[in-house]
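Small disclaimer: the values here were computed from a predicted structure and weren't measured.
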Amino acid sequence: MMPMESRSALVETVRQSYLTIGSPRHVMLGLSGGADSLALFHILHELKQHFEFRLSCVYVNHHLRKASDDEAAWLKILMGKMDTPFHVQDVIVPEEGNLEDQARWVRYQAFDRVMKQCGADILVLAHHADDQAETMLMRLMYGTGLKGLSAMRELNGHIWRPLLQVSRKDLEAFLKSKNQTWLSDESNQDYRFLRNAIRHRISPVLEELSPGVQMRMAQTARLLGDEEDAWRFFEEQWLRKHASASPPLVFLRTASFGDQPLAFQRRLVRRLCEVYDIPLDREQTEILRSLPNSPMPVRMNLPRDASAYCTERHLHIIPANLERFAPPDLGQLLQADTTDSLGDGIRTQTFDADNLQGARLRKLAPGDRISPLGMSGSQPMTQYLSDRKIDLPLRRFWPVLAKGDQVLWAIGLGCAQTAAVTEKTRNRIRYVYEGALPGELTINQEGHEDGRVQGTAGSEKGVDHPGAD
């Protein structure tokens, strides 16, 4: 018989976790019928009397074992007695690839389907301390870093795991105290699966050598998870000041990056790649991290047909099919008072108004040309931007004031002689550009702009030049 104080402590663990994650109103439990998930069911069933949340359960039938249909029927009867909504999801596990991975993939897809159908707020799973220790060992065997060793998290998106600090032994004792039987999955004895081999061959030896080791490993995973959260916080702070993580412009500034500790550099480049869901192994991470030390510019192929492009100023991450992302916001031109000054040619510019008829503010287009001040003739805008060391990934998004294919003002760079004020000018007009240029960073929390000509701006909008028609 399980001591009453132990039962109370177990219920209290889940209660505190429920409050910590925000007290969701509809909880859906992934129920396998094993000791862990049945114990969690009884705990939640008790707690819902106090918190009045809705509890429902889902059983995923992979049809990989003959007993699965009988298990589903047994659970349906039990849930009926407990007056709990119960859903069975029949799935087909693909034959190709790793069986465990494929089964996990279709299982979580099934969970998502039922959650949407029922309007559940959160999916709760009964992974416990022993599972956590096994996960740590598996990831250590594969090779991993801090994030991998932190293993499963108590709350990960819409998935809640409140038992990660509770042992399998305590869960079984809890069920015995309630005279509740549970199901046994014979596939858990199949040593061809790595987790099963660890559970039955390695974990008992570790426990014999150092009693309580699995619980301590689970506690270590939690500590490492806290460390991971801290590092993510510092990453966010750094990226806000020195990088853009808003597609389609994802980059970091190499000058600030080079001053960071080696371990932090690895985290930053991996974090940038996460924006496009690009996985990096250890070797790829090291190569990408070292690109700012290479002769410039340099390009690197990345997984999923993505690439990295590094210049003196920036390390860019470029996904496959960049066109699927909305371009940055275009910004706008505002008319300003005309003074004797011609403006800085960067954000403010005075023009010969008679030469602006038909001009539009837009993004750079193929075939655009410009007649730079002080030069005879015109040149392609691609060459103009290259001469001004504008990174290749930024050029397609550059805002220009243009008439046809003739650029009158390359915003942030300079005015063309085509619309410049001369001694023959009769009518002057001055404009101020408001908006972020490609490569400029967003405004930081202190309200200061973190550098000109290099960050992001949202979706393109064609803006007629005021007075153009």
Is any side-chain heavy atom of [X] less than 4.5 Å from a side-chain heavy atom of [Y]?
X	Y	answer
I317	L288	yes
I370	Q406	no
N61	Q89	no
R426	D352	no
M138	I198	yes
R195	T135	yes
L19	F51	yes
V250	S244	no

Does [X] [atom1] have over 12 foreign heavy atoms under 6.0 Å away?
X	atom1	result
W105	CH2	no
R54	CZ	no
R222	CZ	no
R282	CZ	no

Between [X] and [Y] (salt bridge meaning N to carboxylate O under 4.0 Å), is one present in this structure?
X	Y	answer
K147	E235	no
R304	D277	yes
R161	E154	no
D354	R428	no
R347	E434	no
E286	R266	yes
R104	D101	yes
R232	E227	no
K363	D368	no

| Should S378 and R369 be marked as a side-chain hydrogen bond (donor to acceptor under 3.5 Å, both in side chains) after you check the CA-CA gap, both sets of side-chain angles, and the distance that decides it? | CA-CA 6 Å; S378 65; R369 301 183 68 84; 3.1 Å; yes
Is the backbone N or O of [Y] less than 3.5 Å from a side-chain atom of [X], with the two atoms forming a donor-acceptor pair by type?
X	Y	answer
S371	Q417	no
Q165	A218	yes
D387	Y384	no
K48	V27	no
R240	Q237	no
T285	D281	yes
S17	T13	no
T425	N427	no
D305	A320	no
D36	H127	no

Does the gap between the ring centers of [X] and [Y] come in under 6.0 Å?
X	Y	value
W231	F264	yes
F251	Y309	no
F41	F86	no
Y431	W409	no

| said: Between H158 and D121, does the side-chain hydrogen bond (donor to acceptor under 3.5 Å, both in side chains) criterion hold? Intermediate values first, please. | reply: CA-CA 7 Å; H158 65 275; D121 298 314; over 6 Å; no
To the nearest 0.5 angstrom, please state how far the [atom1] atom of [X] sits from the [atom2] atom of [Y].
X	Y	atom1	atom2	result
M152	L163	CE	CG	10.5 Å
I92	D90	CD1	CG	9.0 Å
L252	Q260	CG	CD	10.0 Å
L155	I122	CG	CD1	5.0 Å
R153	Q132	CZ	CD	9.0 Å
L224	M217	CG	CE	10.5 Å

| query | Which atom pair, heavy atoms only, marks the closest approach of L280 to C273? | reply | CD1-SG, 3.7 Å
| task | Compare every heavy atom of V106 with every heavy atom of P94, then report the nearest pair and how far apart it is. | result | CD-CG1, 3.9 Å
| Under the side chain to side chain contact (heavy atoms under 4.5 Å, CB included) criterion, do H62 and R107 qualify, and how do the steps go? | CA-CA 8 Å; H62 302 86; R107 181 166 61 253; 3.1 Å; yes
| said: I'd like to know whether R253 forms a salt bridge (Lys or Arg N to Asp or Glu O under 4.0 Å) with E312, so could you lay out the CA-CA distance, the side-chain angles of the two residues, the decisive distance to 0.1 Å, and finally the verdict. | reply: CA-CA 9 Å; R253 287 184 167 162; E312 291 182 4; over 6 Å; no
